[in-house]
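Written below as structure tokens is the structure these notes are about.
Side chains included, hydrogens not; waters and symmetry mates left out as well; all remaining heavy atoms used.
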Amino acid sequence: QVQLVESGGGLVQAGGSLRLSCIASGTIFNINAMGWYRQAPGKQRELVAHHTNGRNTNYADSVKGRFTMSRDDAKNTVYLQMNSLKVEDTAVYYCNADVFTSSWMGSLAPYWGQGTQVTVSS
């Protein structure tokens, strides 16, 4: 019903920058929240940044001051600007969205993208 497609990952040297994008498409009545998560090899998936409508954006402590998430609701798109990248930022980055697919409150469900690899070299 809803598809999320990430782009913008790649290989970058430490100290560099990348900008990730995630576009949501499909049967979308309203997007209640969007966010970015990441999963490094051998580790659990963790929150990077998350924004719920009407609330402030939350960031993981490890990325505060370096990463900025923004949303373009007209385009159903969320971005993650990543600056001053560190080797420990290497992970697969996943886009997440909580989407209403109709006006029925019970239609709210979470959706995930397929992930995009970010590799930071020293």
Side-chain angles (χ1 to χ4, degrees):
Q1 285 182 315
V2 177
Q3 298 79 41
L4 302 180
V5 178
E6 303 103 332
S7 61
L11 174 64
V12 64
Q13 286 190 328
S17 298
L18 282 174
R19 188 190 194 211
L20 306 183
S21 300
C22 172
I23 301 174
S25 63
T27 307
I28 298 173
F29 178 78
N30 178 262
I31 298 178
N32 186 60
M34 297 191 85
W36 291 94
Y37 292 72
R38 67 185 181 187
Q39 187 167 17
K43 295 187 177 181
Q44 290 188 330
R45 191 173 297 188
E46 63 176 3
L47 171 73
V48 176
H50 187 268
H51 176 260
T52 301
N53 290 350
R55 301 181 181 179
N56 294 328
T57 301
N58 293 319
Y59 293 93
D61 288 342
S62 59
V63 307
K64 283 181 181 177
R66 300 188 298 121
F67 291 11
T68 302
M69 192 184 96
S70 59
R71 288 174 59 175
D72 185 339
D73 290 337
K75 297 180 179 179
N76 291 333
T77 300
V78 62
Y79 305 96
L80 185 67
Q81 179 66 44
M82 304 186 294
N83 299 328
S84 303
L85 282 161
K86 303 177 181 180
V87 172
E88 50 264 41
D89 294 319
T90 296
V92 178
Y93 284 70
Y94 296 91
C95 175
N96 165 264
D98 295 335
V99 180
F100 288 99
T101 54
S102 75
S103 59
W104 176 51
M105 295 297 289
S107 71
L108 182 65
Y111 297 88
W112 292 89
Q114 81 287 349
T116 185
Q117 177 70 46
V118 171
T119 303
V120 184
S121 62
S122 58

Spatial distance of atom [atom1] ([X]) from atom [atom2] ([Y]) [nearest 0.5 Å]:
{"X": "Ser70", "Y": "Arg19", "atom1": "OG", "atom2": "CZ", "result": "6.0 Å"}
{"X": "Ile23", "Y": "Tyr79", "atom1": "CD1", "atom2": "OH", "result": "7.0 Å"}
{"X": "Asn53", "Y": "Asn32", "atom1": "CG", "atom2": "CG", "result": "5.0 Å"}
{"X": "Thr119", "Y": "Gln13", "atom1": "OG1", "atom2": "CD", "result": "13.0 Å"}
{"X": "Glu88", "Y": "Ser122", "atom1": "CD", "atom2": "OG", "result": "10.5 Å"}
{"X": "Phe29", "Y": "Trp104", "atom1": "CZ", "atom2": "CH2", "result": "13.5 Å"}

Note to self: Can you tell me if Gln44 has over 12 outside heavy atoms packed within less than 6.0 Å of its CD?
What the structure shows: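 Count not over threshold, so no.
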Margin query: Side-chain heavy atoms under 4.5 Å apart, restricted to Ile/Leu/Val/Met/Phe/Trp/Tyr: what other residues fall into the cluster of Trp36, or is it alone?
Written below: Val2, Leu4, Val12, Leu18, Leu20, Ile28, Ile31, Met34, Val48, Tyr59, Val63, Phe67, Met69, Val78, Leu80, Met82, Leu85, Tyr93, Val99, Tyr111, Val118, Val120
Identify the two heavy atoms, one from [X] and one from [Y], that lie closest to each other, and give their separation to 0.1 Å.
{"X": "Thr90", "Y": "Ala40", "value": "O-CB, 3.7 Å"}
{"X": "Arg66", "Y": "Asp89", "value": "NH1-OD2, 2.8 Å"}
{"X": "Lys75", "Y": "Thr77", "value": "O-OG1, 2.8 Å"}
{"X": "Asn83", "Y": "Ser17", "value": "OD1-OG, 2.9 Å"}

Margin query: Please check: side-chain N/O of Glu6 versus main-chain N/O of Gly115, any donor-acceptor pairing under 3.5 Å?
Written below: yes
Margin query: Looking at Ser102, is its backbone amide N or carbonyl O close enough to the side chain of Ser107 to form a donor-acceptor pair, meaning the two atoms are under 3.5 Å apart?
Written below: yes
Checklist line | Carboxylate-amine/guanidinium contact Lys64 Asp61, below 4.0 Å | finding: yes
Notebook entry, point to check: Going by heavy atoms in the side chains, are Ser62 and Arg38 under 4.5 Å from each other?
Noted result: yes
